[in-house]
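Within every chain, numbering begins at 1; the chains are lettered A, B, ... in the order of the sequence lines, protein sequences first and strands thereafter. Since the structure is predicted, the reported quantities are computational estimates derived from the model, not experimental observations.
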Amino acid sequence: MYRAALLALLSHWRRQPLQLASVLVGLALATALWSGVQAINGQARASYDRAAGMLGQDRLPQLVAEDGQRFSQDVYVALRRGGWRISPVLEGQWRQGETRLRVIGIDPVTAPQTPGGGGAAQADGDLRAFLTPPGIAFGAAETIAALQDVPGLPALRVADDSLPGTLIMDIGIAQTLLAAPGQVSRLIVLPDQPLRQTPLQDVAPGLTRRAPQAEADIARLTDSFHLNLTAFGLLSFAVGLFIVHAAIGLAFEQRRAMFRTLRALGLPLVALTRLLVAEVLILSILAGLAGMALGYLVAAALLPDVAATLRGLYGAEVPGTLILRPGWWAGGMAMAVLGAGAAAAQSLWRVWRLPLLAPAQPRAWVRATTRSLWRQVAIAGALALVALGAARFGTGLLAGFILLGALLMAAALALPAVLAALLAGAARAGRGVLARWFWADTRQQLPGLSLALMALLLALAANIGVGTMVASFRLTFAGWLDQRLSAELYVSAETEEQAARLRAWLATRPGDLLPLWSVEVPLFGAPATVQGIADHPTYRRNWPMLSALPDVWGRVASGEGALINEQLARREGLVPGDPLILPDGGRMIIAGVYSDYGNPRGQVMIAVDRLTALFPDVARLRHAVSIAPESAPVLAHALIDDFGLPEDNVSDQAAIKVFSMGIFEQTFAVTAALNILTLGVAGFAILTSLLTLSAMRLPQLAPVWALGLTRARLAWLELARALMLTALTMLVALPVGLLLAWALLAVVNVAAFGWRLPMHVFPADWLRLGALALLAGGLAAAWPAWRLARTAPADLLKVFAHER
Amino acid sequence: MLLDVREVAKGYEAGAGRLQVFSDVSFRLDAGEAVALTGESGSGKSTLLHLCAGLDRPDEGQVRLAGQDLAPLDDRARAALRRESVGLVFQQFNLIPSLNVSANLSFQARLAGRADAAWLEQLAARLGLSPLMDRYPEQLSGGQQQRVAIGRALAGRPRLILADEPTGNLDAATGDAVMALLLGLVAETGAGLLMVTHSERLAARLERRLHLAGGGLA
Ligand SMILES: Nc1ncnc2c1ncn2[C@@H]1O[C@H](COP(=O)(O)OP(=O)(O)OP(=O)(O)O)[C@@H](O)[C@H]1O
Ligand SMILES: [Mg+2]
């Protein structure tokens, strides 16, 4: 019984390969976008975990010098004698020609067993080779591959859990490599310390104990970026689901008569339902597998961009190649199966309730559609209220995303009703019998097309929203860079001694030398930068202040006032006039808040004299030079050629701007790519809906043809209808997209990054997007229209031959 | 006793009030008997046929099929009874559009797990379907489609054939030919036949006639 019935059900797909393709492709695309984004996210997350796990640096407390500099390993020896169970680490940059590496030296005997090099070295068991020159260095496969021909390094070995760009070796070997004999960077405090040990101040007065961080800094900073990606993955998946829903719904609808016949011939309802569930399951597994493969390609294509973004924006190293994880497979397949199940649930429910005998009133479904239209409007209204509530009363990232989700779903659900109302208006205004028929017929088609149009709406709104956000960001950020990078040149000395010579050297030349000295301090429980700032007209003129006390620069110059960045102000709820106490006892008044885009940390600016007074050990290496722009290149060359600074240590404003802008371009290149993909998916949804509808439309079109309209004319009308519906959807998408942009800029961005951007609108972009949408809609409609124009008269006549 | 209908009544909720289609309808049909069911359009012929097939439930009364009362049976049991004991022929043919003639012909028999290749071949030959076996329903004329439907109903050698205006969609000549085939095959298999028809001429060709009028059997 099952076999015969299953074959009958499946035979439908053999006769309707297009429909089968649209179900499979829709589900595959949805899964692909989702799993692609997840693959990227998973890859990046795994990298942070590696970074965090490296030598347990965030899980165990550490001893570091108060000035952050390296210190002698005699201190280590003294502490061990004092009963401390600690392990030394030396860390530094190693350069040779083009090659740059982070070198981490460890003591394999005392190092904690962690992921990363320590574990690798110990597990290797080859301790002697590790310890004795030239030693062994562990690194990630791609790092090792890039270092094959570089001389002067220990023997290289691959350790799978290493970070890219990093080598781990014995501390003695690292000291030689980094030219830091007898030096260590920090001491890891191991678990299980003995009860009796000499107090830290007695043995090593220059060291402080740094508490373990609950989560890696990097993970927290990049969370928002991943959240963004995940949101887009979900959105794309939703768009994909609309296609699947439409395709499966139509496939069920078309087989309604067949279901009845099957049951009349003796197939029980339970058996039919089981078969249909199995069918959906098989389809979703097939499509899911294809989607996973596709998603892998999407991720592989996008990953280099993502890796670059994360590296530039947050300093997180993510390898540019993809590793597949079992969890990713399971998650992707689950999404595909659950998504298809959700899309099919309504149709299955209808089959369950399908009366065995056809209802007497053939127009019943029209009334049912009207009812469901109103139900949709009601749900849309409820969702709009949720969105409103989240916007007014919600706080934090979650509220932001609830706002986004509710807003988009409300708009999508309301779309059919809005379109129906617009079409009804047009029908009333229409003159002539053909126009009347056209509008009425369009309205009749709306239920079949509405899911595809909803998908289009989502894609367009997301495009407008994200486009507006990116463009606003770019504009604001460029303007901000102009203000913030007011000095022409930025120079760094290598040593304090060189810095002093540099100051003397520059004093004899045109241009003002402005110190850029800073220290890292914990502030309100998070790392922050305190920077010294000179009193100079450049700053007074250009500094991008958001709010300030009167005579802000006077207060700063006097040493009493401090400026803080927007991130810190928002996070801690600080406003100008509030007191601010620096960790070293500096008591200040907040004189102003400035915007500081792209910086994930809190930042405090105080007068440079106050900085040197509070932190006498501050490194005095970096300086800005304010000089007439035309003289800047000359001075830059003089600094390199005459004074002898390395080229890397002199950068001009223009180069920094290009670099900074580049980072943000990359940040959004990924979202832009996803946006385009989503639009393509929506276009595909329209195509498949039109194709499936076209078969059902013959009975509607045949009488009009018989009454004297040519097939070509009918085809043109079909094309015009698709274009018009696309245009109307674009009109609805515009306000939705702008609301979305507002939510992204004013709610999500503030919650995720801690700063708010002003919103700018770009109507030219909308026109371009509108044209793109029309192109997609037109292309999608072209094929079905062409097929209609070429329909054989015999096929049209058949409609009359056995009309049902 | 193959089919035993006792004091059956059926009505529908129709807009404002209730439409009582018929009430107190009783009749019997024995194996090998061919009975015509006639009546005006809207008199309830299809409704009564559906009750006999277990496709719908009566408001009152009892329908017994092969000694089995249909009332207590659930969907699964009714379905089993239909696929094993009843052959249905509809006015609209109701073939499965995605299956070819051959698959449509054997469909119900396979559903019941009693497809008999030799009998199917014989049926196809008798119905003149042999050259059409690889075609799909949309490539057939109305008369050809109805011949497939009749073959499908007979393929499992059911004990009862229920036919609802099997020639209603066919012209007179084609209809006569199809009817001759149906009656011949029914007689051969020894099944009972209850056939709805509008045509006096066709009704006259059957052994007995039931006439629905004024809400009951006349
Ligand atoms: N599902 C239904 N809901 C409401 N009324 C129905 C339904 N099915 C049938 N009817 C009504 O019941 C009456 C009998 O219908 P039925 O289809 O049995 O008539 P019929 O004798 O077969 O007519 P015809 O010769 O035209 O096929 C009709 O008035 C019809 O309108
Ligand atoms: Mg009838």
Side-chain angles (χ1 to χ4, degrees), chain A residues 1-17 19-20 251 254-275 351-361 363-364 367 695-696 698 792 794-795 797-804, chain B residues 12-15 19 46-47 49-51 53-57 74-88 90-100 103-104 106-115 136-142 145 149 152-153 155-156 158 162 169-170:
Chain A
M1 176 175 77
Y2 279 97
R3 217 178 96 81
L6 184 65
L7 287 179
L9 284 176
L10 293 183
S11 70
H12 172 81
W13 299 113
R14 210 179 52 235
R15 298 286 289 168
Q16 307 280 342
Q19 216 174 68
L20 179 63
Q254 285 195 339
R255 289 187 293 178
R256 191 193 282 258
M258 189 209 277
F259 297 157
R260 281 213 175 89
T261 307
L262 285 177
R263 290 193 53 200
L265 296 182
L267 185 70
L269 182 56
V270 186
L272 178 63
T273 314
R274 274 195 204 131
L275 285 172
V351 169
W352 224 169
R353 310 237 323 198
L354 181 76
L356 232 171
L357 300 167
Q361 318 97 321
R363 276 184 56 80
R367 263 186 279 142
M696 299 157 78
L698 274 192
D795 286 332
L797 281 172
K798 227 188 258 166
V799 172
F800 304 114
H802 22 106
E803 200 171 4
R804 295 204 157 176
Chain B
Y12 293 106
E13 300 303 333
L19 170 77
S46 299
T47 304
L49 202 74
H50 293 156
L51 294 179
L55 291 169
D56 207 349
R57 292 167 186 269
D74 64 0
D75 177 72
R76 192 192 295 255
R78 283 158 182 262
L81 201 62
R82 266 203 307 279
R83 69 176 175 263
E84 269 141 34
S85 311
V86 181
L88 282 166
F90 304 94
Q91 184 177 358
Q92 327 280 7
F93 323 139
N94 287 7
L95 298 178
I96 293 172
S98 49
L99 293 179
N100 64 15
N104 262 297
S106 62
F107 187 75
Q108 193 178 11
R110 289 229 212 125
L111 212 54
R114 52 210 267 183
Y136 283 87
E138 69 192 27
Q139 300 163 326
L140 299 181
S141 74
Q145 291 194 48
R152 177 177 70 185
L162 297 171
N169 266 348
L170 307 176

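Residue contact with chain B, scored on non-hydrogen atoms closer than 4.5 Å, is absent for A:L10. For B:R78, no part lies under 4.5 angstrom from a heavy atom of chain A. With a 4.5 Å cut-off on non-hydrogen atoms, B:Y12 does not touch chain A at all.
Scanning all heavy atoms of the two residues, the minimum distance from A:A264 to B:L55 falls at CA-CD2, 3.8 Å. The heavy-atom pair separating A:L265 from B:R83 by the smallest distance is O-CB, 3.2 Å. Scanning both residues, B:R110 and A:A4, for their nearest heavy atoms gives CB-CB, 3.7 Å. Across A:S11 and B:S98, no two heavy atoms sit closer than the pair OG-OG, 2.7 Å. Closest approach of A:L267 to B:A79, counting heavy atoms only: C-CB, 3.9 Å. Summarising the geometry of A:L262 relative to B:L111, their closest heavy-atom pair is O-CD2, 4.3 Å, with the distance given to 0.1 Å.
To the nearest 0.5 Å, atom CZ of residue A:R14 and atom CG of residue B:N100 are 7.5 Å apart. Summarising the geometry, atom CG belonging to A:L7 is positioned 8.5 Å from atom CZ belonging to B:F107; distances are rounded to the nearest 0.5 Å. Atom CE of A:M258 sits about 6.5 Å away from atom CG of B:L99, to the nearest 0.5 Å.
Counting non-hydrogen atoms of other residues, nucleotides and ligands closer than 6.0 Å to CZ of A:R15 gives a total above 12.
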Q) Can B:D75 and A:R263 be said to form a side-chain contact (heavy atoms from CB on, under 4.5 Å), step by step? A) CA-CA 10 Å; B:D75 177 72; A:R263 290 193 53 200; 2.9 Å; yes
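Residues A:P268 and B:R82 form no side-chain contact, since every pair of their non-hydrogen atoms from C-beta on lies 4.5 Å or further apart.
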